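Before I ask anything, here is the structure I am working with.
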Amino acid sequence: MEILVIDDDRYVRTFLRMLLEGEGHFVTEAVNGIDGERKYRDCQADLIITDIIMPGMNGKELSDKLNKIKAIPSIFVSGYSQNVFTEKGIITEDITFIQKPFTKEKLFKAINEKLPHS
């Protein structure tokens, strides 16, 4: 499975790449929403994992934009709590959200919920 990882923190991207590639997934990295949109057009991602707060375009805006091209499951990550985003209307309760820092188990549980065949 190919996963597009979008996060402006290179340490988070490296952590995610190591976890995902360790489980046999192919990973494409992007440094922000604009880069993520560009790279999505060139890859065959089955899933995106994106930070919510990034310069230029936030993760929710990116997900909405990519879903206009082709429906793609998304997992959102952030150091902020989900309540912050829910209260501001950025994400709804049906969104898959993982608060940083997270464990490998939490990540793969979210991936399996989004893509049960993975």
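Model, not experiment: these values are computed from the prediction.
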*Please name all residues satisfying salt bridge (Lys or Arg N to Asp or Glu O under 4.0 Å) with Glu61, sequence neighbours left out, ordered by chain then number.*
none
*pair Leu107-Val77: side-chain heavy atoms closer than 4.5 Å*: no
_Quick check for you: to the nearest 0.5 Å, what is the distance between Ile111 atom CD1 and Lys104 atom NZ?_
10.5 Å
*In the hydrophobic clustering that connects Ile, Leu, Val, Met, Phe, Trp and Tyr at side-chain heavy-atom distances below 4.5 Å, which members other than Phe26 occupy its cluster, ordered by chain and number?*
none
*Output every pair passing salt bridge (charged side-chain N to carboxylate O under 4.0 Å, His left out) with a member in residues 67-80, not counting sequence neighbours, ordered by first then second residue.*
none
_Under the salt bridge (charged side-chain N to carboxylate O under 4.0 Å, His left out) definition, can you give me all pairs with a residue in residues 24-36, not counting sequence neighbours?_
Arg13-Glu29, Arg17-Glu29, Asp35-Arg38, Asp35-Lys39
*Check whether any side-chain heavy atom of Thr96 lies under 4.5 Å from a side-chain heavy atom of Phe76, and answer yes or no.*
no
_Gln44: partners by side chain to side chain donor-acceptor pair (under 3.5 Å), with sequence neighbours left out_ = none
*Applying salt bridge (Lys or Arg N to Asp or Glu O under 4.0 Å), name anything that partners Arg10, two or more places apart in sequence or on another chain.*
none
_Taking salt bridge (charged side-chain N to carboxylate O under 4.0 Å, His left out) as the cut-off, I'd like each qualifying pair that reaches into residues 42-51, sequence neighbours left out, listed once._
Asp51-Lys100
*What pairs with Asp64 under side chain to side chain donor-acceptor pair (under 3.5 Å), at least two apart in sequence or on another chain?*
Lys60
*State which residues pass side chain to side chain donor-acceptor pair (under 3.5 Å) with Ser63; sequence neighbours excluded, sorted by chain then number.*
Asn67, Ser74
*Tell me whether Val27 is reachable from Val31 by hopping between hydrophobic residues (I, L, V, M, F, W, Y) whose side-chain heavy atoms are closer than 4.5 Å.*
no
*Does Leu62 sit in a hydrophobic cluster with other residues, and if so which ones, taking ILVMFWY side chains as linked at heavy-atom separations under 4.5 Å, directly or through other members?*
Leu4, Ile6, Ile34, Tyr40, Ile48, Met54, Met57, Leu66, Ile69, Ile72
*asked:* List the residues meeting salt bridge (Lys or Arg N to Asp or Glu O under 4.0 Å) with Glu113, not counting sequence neighbours, and say none if there are none.
replied: Lys109
